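Each remark here refers to the structure printed beneath this line.
As the structure is a computational prediction, the values presented were derived from the model and not from experiment. Below, all heavy atoms of this structure are taken into account, side chains as well, without hydrogens, waters or symmetry copies. When a ligand or atom number is given, it counts from 1 through the structure's own listing order. In this chain, residues are counted from 1 in sequence order.
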Amino acid sequence: MYFDAKKSKVGRNAPCPCGSGLKFKKCCLNIGDAGPPDQKGIDEIYLAKYNIRLKSADDIAAIRKAGRLVVDTLDRVEAMIGPGVTTEQINAFVHRHTIENGAAPAPLNYRGFPKSCCVSVNEVICHGIPGERVLADGDIVNVDVTSILDGYFADANKTFFVGSPSENARRIVATALESLRVGISMARPGNTVGDIGWAIQNYAEGRGCSVVREFVGHGVGLAFHEAPQIPHYGNRGEGIALAPGMVFTIEPMINLGKKDLRILKDKWTAVTSDGSLSAQFEQTVLVTENGYESMTPF
Ligand code: MF3
Ligand code: CO
Ligand code: CO
């Protein structure tokens, strides 16, 4: 449907009402009778302006396949978790299962990361390095898995209870999961990156929790970390307009206490500076014509 820009009261920086995903001023505002750009035009604009590679139907099919392996791996990790299991045992399983399925674990040797997945316990926010730590009853543990299958990347994580959770553990894990859900629900053409962050921040802070600022979601699929960045905080209507074919992660890290973090001497492990519990859930999400499709559904 052709949209008559001249009759509209849409703001210049708002997403274009034609549904292209572009800002109004970059789309129908100035193009008169030419109509909105076709898919090739949108692909070129997103690449030139934002360095975002919109995914083709073939790309999407391949990312979906990688995503199925990631979710299957996380399901099997969940089944093996319990008191007495070491974080290295989780890593060893993720490594073996990934390889056995013809894929490669993206974290291994990524910028010097020494293991095949991240395992983050209690006050560890993210990027925990698997090792000799033994999981104990009452712990919460996040496992973050990224697989490369046929050259395509999918990235997801979940936080699990070890044995019986405390009230605080239940609270932070439930808040982190719902933070992901409210963020994902904003993924559609006509919304912006800022809408996702706003929804997450509004929800998590409304529950008395805090949102980590130093780590963000990211474009993914053709590489581990692509443009754009997806902050888990922000303002409605701000940032890049979402367009069909964008594939990115949403992965809010939510703290029970303050938002601040510090990095341990291993240069990877991020922990809450106040020692409070932190939880995270992550999915890889595709923006479609009408909304979204998760490439890593759970
Ligand atoms: N999987 C993480 C993410 O969600 C990144 C881990 S980087 C690593 O972006 F090197 F620690 F694996
Ligand atoms: Co990620
Ligand atoms: Co991840």
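Taking a cut-off of 2.8 Å, the protein N, O or S atoms nearer than that to the Co ion (ligand 2) are Asp155 OD2, His218 NE2, Glu251 OE2, Glu282 OE2.
The ring of His225 has its center no closer than 6.0 angstrom to the ring center of Phe153. Taking the six-membered ring for Trp and the full ring otherwise, the centers of His127 and Phe215 sit less than 6.0 Å from each other.
Applying the 4.0 Å criterion to heavy atoms of Thr146 picks out, from ligand 1, the atoms 1 (N). Listed by number with element, the atoms of ligand 1 under 4.0 Å from a non-hydrogen atom of His225 are 3 (C), 5 (C), 9 (O). Within ligand 1, the atoms closer than 4.0 Å to a non-hydrogen atom of His127 are 5 (C), 6 (C), 11 (F), numbered from 1 in the order shown. Against a heavy-atom cut-off of under 4.0 Å, Asp155 is close to the following atoms of ligand 1: 1 (N), 3 (C), 4 (O), 9 (O). The ligand atoms of ligand 1 that sit less than 4.0 angstrom from a heavy atom of Glu251 are 3 (C), 4 (O), 9 (O). Heavy-atom proximity to Pro107, at under 4.0 Å, picks out these atoms of ligand 1: 12 (F). Within the listing of ligand 1, atoms 8 (C), 10 (F), 11 (F) sit less than 4.0 angstrom from a heavy atom of Trp268.
Within 6.0 Å of CD in Gln229 there are 12 or fewer heavy atoms belonging to other residues, nucleotides or ligands. Enclosure of atom CD in Glu100 by more than 12 non-hydrogen atoms of other residues, nucleotides or ligands within 6.0 angstrom is indicated.
Counting all heavy atoms, side chain and backbone alike, Cys209 lies closest to Ile254 at CB-CG2, 3.6 Å.
A side-chain donor-acceptor contact under 3.5 Å links Ser276 and Asp274.
Of the protein's non-hydrogen atoms, the one nearest atom 2 (C) of ligand 1 is Asp144 OD2, 3.3 Å. Looking only at heavy atoms of the protein, atom 7 (S) of ligand 1 is closest to Tyr110 CD2, 3.9 Å.
Under the rule for a ring pair (Phe, Tyr, Trp, His ring centres under 6.0 Å), Tyr292 has no partner lying at least two apart in sequence or in another chain.
A cation-pi arrangement is absent between Lys65 and Tyr152, since the terminal nitrogen or guanidinium carbon is not both under 6.0 Å from the aromatic centre and inside a 45° cone about the axis. In this structure, Arg213 is positioned above the aromatic face of Tyr233, its NZ or CZ under 6.0 Å from the six-membered ring centre and within 45° of the axis.
Residue contacts with ligand 1 do not include Lys115, since none of its heavy atoms lies under 4.0 Å from the ligand. Using 4.0 Å as the threshold, Arg111 has no heavy atom nearer than that to any atom of ligand 1.
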**Asked** Run the salt bridge (charged side-chain N to carboxylate O under 4.0 Å, His left out) check on Glu178 and Arg207 step by step: do they pass?
**Response** CA-CA 11 Å; Glu178 187 60 16; Arg207 300 254 307 174; over 6 Å; no
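With rounding to the nearest 0.5 Å, the separation of OG1 in Thr249 from CG in Asp144 is 9.0 Å.
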